[in-house]
2 protein chains.
Amino acid sequence: MTAAVAARPRSTPAQYPGCAECLTRVFSICDFIGGSPLAPLAQEVRTVTARRTLFRERDVLDSVPIICSGWALSAVMLSDGSRQILSFLLPGDFVSAALLFDPKPKCSVEAITNVTYRAFNRAELKDRIFGKPEMAEMLVNVWIEEKRRADELIIDLGRRPAAERVARLILRLVERLQKRGMAAGGSFEVEFPLRQHHIADAVGLTPVHVNKLLTDLRRGGIIRLSERSLAVLDPVRLRAVASLR
Amino acid sequence: MTAAVAARPRSTPAQYPGCAECLTRVFSICDFIGGSPLAPLAQEVRTVTARRTLFRERDVLDSVPIICSGWALSAVMLSDGSRQILSFLLPGDFVSAALLFDPKPKCSVEAITNVTYRAFNRAELKDRIFGKPEMAEMLVNVWIEEKRRADELIIDLGRRPAAERVARLILRLVERLQKRGMAAGGSFEVEFPLRQHHIADAVGLTPVHVNKLLTDLRRGGIIRLSERSLAVLDPVRLRAVASLR
DNA sequence: CGGTGTCTTGAATACCATCAAGTCTTGTGG
DNA sequence: CCACAAGACTTGATGGTATTCAAGACACCG
């Protein structure tokens with residue numbers, strides 16, 4: 001994103017335990033925090049096992065969480081028991097940029113796989129970010145990207161048929177994983193811990209219907225999906241299903 | 001939002017022609033721009049007649065627009081000819097906070113009624129905002145609110161039935177208008193220039209179906225809607241339709 | 001080994017879209 | 001000022017997409 005990031009090779013020992021292996025470094029502000037000559041920020045590494053919640057809507061957070069490893073999701077529960085997933089969170093993601101300023105989250109966050117995340121002191125992290133112009137710029141980019149993805153989801157849910165939504169979700173996730181180096185050997189094969197009900201809650205469908213759409217994609221030889229692993233066998237046709245290009 | 005805003009009565013003469021009457025002042029950063037002792041920013045007031053576009057997705061904006069009067073909408077056109085409205089823009093609204101940093105809009109903006117807006121020089125406006133802490137704070141609040149509304153729309157489109165979506169849209173618009181003093185005498189009667197196809201494109205339905213839902217609300221004595229004017233006759237039942245409270 | 005969670009498949013149903021036709025309003029040019 | 005066209009609204013009939021309901025197979029875990 002900036003020269004400072006690119007200049008620091010992945011293998012450089014990081015200032016905090018675990019950072020050397022943490023995918024976060026390359027894609028988020030952690031790089032600036034850990035790599036800067038400034039004093040370490042007050043923070044705490046926390047671990048959450050799969051299916052447990054990191055925090056709920058009604059909580060008040062005294063710290064700002066950033067995902068270090070694993071997959072999580074942010075979602076809103078509705079009174080009828082259903083829920084809408086707002087976004088999937090990957091290593092390096094701010095849970096939400098708004099949490100830097102507002103301690104009350106507007107959604108709850110749940111671990112999909114085992115998750116580790118860092119909880120930074122809000123005031124210190126804010127000072128640090130606004131003290132370094134390149135970090136402030138990065139925050140702005142994170143925020144813009146967050147909004148852009150929300151708008152994409154609005155378009156999908158409002159105007160696209162079911163098959164298209166599922167195809168787009170898959171393509172976007174694969175793209176995000178590849179950017180993080182989380183796709184094995186740069187191929188189209190990735191670890192994919194999502195259950196079908198996760199996909200359903202993300203794209204506004206029922207698990208039953210998602211199942212039918214996925215088996216269509218499988219039978220068509222477009223994807224392979226089993227054992228928590230996804231391979232895009234025919235990217236061209238998958239993009240066609242998604243009405244892309 | 002801050003003491004500076006509250007301390008400045010609505011009747012105070014503003015620094016720019018039209019500002020005294022402009023609803024914008026109370027709800028946006030214009031107050032800080034116009035009311036500050038600093039030099040006026042480079043800006044230009046522009047007028048657009050109903051149904052014309054302010055700018056398109058592919059444009060590159062050298063200035064940052066803020067709506068002064070009238071209703072507008074931001075939307076994305078799809079390849080099949082349909083479109084998704086991302087938000088309705090009222091006086092005082094930033095078209096999008098991201099435009100402060102990125103000259104390329106991610107959506108096109110169209111006037112619903114006749115619209116006037118101010119186009120600020122990006123660099124100057126940015127400097128001014130970040131030069132005054134209370135203005136920076138206001139920008140953050142605008143941005144948080146923008147994201148919050150996008151998330152609400154995602155929930156509506158993903159998980160709520162049609163009648164609920166329409167009822168929620170109406171309630172949110174009335175609430176925003178009331179905050180701006182755009183509701184006649186604080187009653188539930190407001191000017192309402194939206195066509196049914198606007199509502200349809202906003203909540204992901206067809207105009208035909210929106211029509212049927214609106215006539216249901218009318219026949220139930222819940223709203224009155226005619227001649228570009230909306231009255232919420234039975235707020236309690238409207239909220240019930242919207243699954244609120 | 002029972003229980004729970006996940007995936008799969010088929011059948012019936014509901015919701016919303018599409019199609020079509022007609023009325024009414026608004027705007028425009030002769 | 002009127003005639004005409006275009007846009008907006010209304011309503012009913014029909015159809016398709018996705019939901020709901022139901023039942024069974026499978027894996028994993030305590």
Side-chain angles (χ1 to χ4, degrees), chain A residues 49-52 71 73 78 80-84 110-114 156-169 192-220 223-230 241 243, chain B residues 49-52 71 73 78 80-85 110-114 156-167 169 192-220 223-230 241 243:
Chain A
T49 59
R51 307 163 112 275
R52 303 207 75 88
W71 292 47
L73 63 85
L78 302 204
D80 68 350
S82 67
R83 72 172 175 183
Q84 176 64 45
E110 182 182 311
I112 297 171
T113 64
N114 290 345
D156 287 0
L157 297 177
R159 287 296 179 215
R160 294 190 206 279
E164 221 166 302
R165 296 186 210 171
V166 173
R168 278 172 183 261
L169 175 64
F192 197 81
L194 297 190
R195 307 289 167 165
Q196 294 181 353
H197 71 81
H198 289 130
I199 299 178
D201 286 343
V203 298
L205 300 169
T206 58
V208 174
H209 198 227
V210 167
N211 180 285
K212 288 166 183 168
L213 296 168
L214 288 178
T215 60
D216 285 351
L217 290 176
R218 275 195 276 242
R219 289 210 229 282
I223 64 170
R224 182 158 40 78
L225 180 54
S226 58
E227 329 245 321
R228 312 288 86 106
S229 168
L230 165 74
V241 173
S243 295
Chain B
T49 59
R51 305 159 117 277
R52 303 207 76 88
W71 292 47
L73 62 84
L78 302 204
D80 68 351
S82 67
R83 72 172 177 183
Q84 177 64 45
I85 292 178
E110 182 183 311
I112 297 171
T113 63
N114 290 343
D156 288 0
L157 296 176
R159 287 297 178 215
R160 292 190 206 280
E164 220 166 303
R165 296 186 210 170
V166 172
L169 175 63
F192 198 80
L194 297 190
R195 308 287 168 167
Q196 293 182 354
H197 71 81
H198 289 130
I199 299 177
D201 286 343
V203 298
L205 300 169
T206 58
V208 174
H209 198 226
V210 167
N211 181 285
K212 286 165 183 169
L213 296 168
L214 288 178
T215 60
D216 284 351
L217 291 177
R218 275 195 276 241
R219 289 210 229 283
I223 64 170
R224 183 158 41 78
L225 180 54
S226 58
E227 328 244 319
R228 312 287 84 104
S229 169
L230 165 74
V241 173
S243 295

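Naming convention: chains lettered A, B, ... in sequence-line order (proteins, then strands); numbering from 1 in each chain.
Residue contacts shown for B:P161 are limited to sugar-phosphate atoms, with no base heavy atom under 4.0 Å away.
Taking only side-chain atoms of B:Q196, from C-beta outward, the nucleotide of C:dT6, D:dT10, C:dT8 with the closest atom is D:dT10. Across D:dA8, D:dA18, C:dC16, the shortest atom-to-atom separation from the side chain of A:L205 is found for D:dA18. Of the candidates C:dC16, D:dA22, C:dT6, D:dA22 carries the atom nearest the A:V208 side chain, counting heavy atoms from C-beta on. The side chain of B:T206 lies closest to C:dA17 when the candidates are D:dT11, C:dA17, D:dA8.
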query = Passes side-chain contact (heavy atoms from CB on, under 4.5 Å), A:L78 versus A:R83? Steps please.
reply = CA-CA 5 Å; A:L78 302 204; A:R83 72 172 175 183; 5.9 Å; no
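Between the B:R159 side chain and the A:Q84 main chain, no donor and acceptor come within less than 3.5 Å of each other. B:T49 contributes no side-chain N or O that, together with a main-chain N or O of B:N114, makes up a donor-acceptor pair within less than 3.5 Å.
When the P atom of D:dC29 is taken as reference, atom CZ of A:R51 falls 11 Å away, rounded to whole Å. The interatomic distance linking B:L213 (CG) with C:dA17 (P) rounds to 9 Å, in whole Å. Atoms CG (A:L217) and P (C:dT8) sit 12 Å apart, rounded to a whole Å. Rounded to a whole Å, the CG atom of A:L214 is 14 Å from the P atom of D:dA18. The nearest whole Å value for the distance from the CZ atom in B:R195 to the P atom in D:dA6 is 17 Å. The distance between atom NE2 of A:H197 and atom C1' of C:dG5, rounded to the nearest whole Å, is 8 Å. The nearest whole Å value for the distance from the CG atom in B:N211 to the P atom in D:dG7 is 18 Å. With rounding to whole Å, A:H209 atom NE2 is found 19 Å from C:dT6 atom C1'.
The two residues A:V241 and A:A163 come nearest to each other via the heavy atoms CG1-O, 3.8 Å.
When the nearest nucleotides of DNA chain D are assigned to A:V210 and B:R228 by heavy-atom distance, the more 5′-ward of the two goes with B:R228. Residue whose closest nucleotide on DNA chain C sits further toward the 5' end, between B:K212 and A:R219: A:R219.
Contact annotation: the side chain of B:R218 never approaches that of B:R224 to less than 4.5 Å [non-hydrogen atoms, C-beta and beyond].
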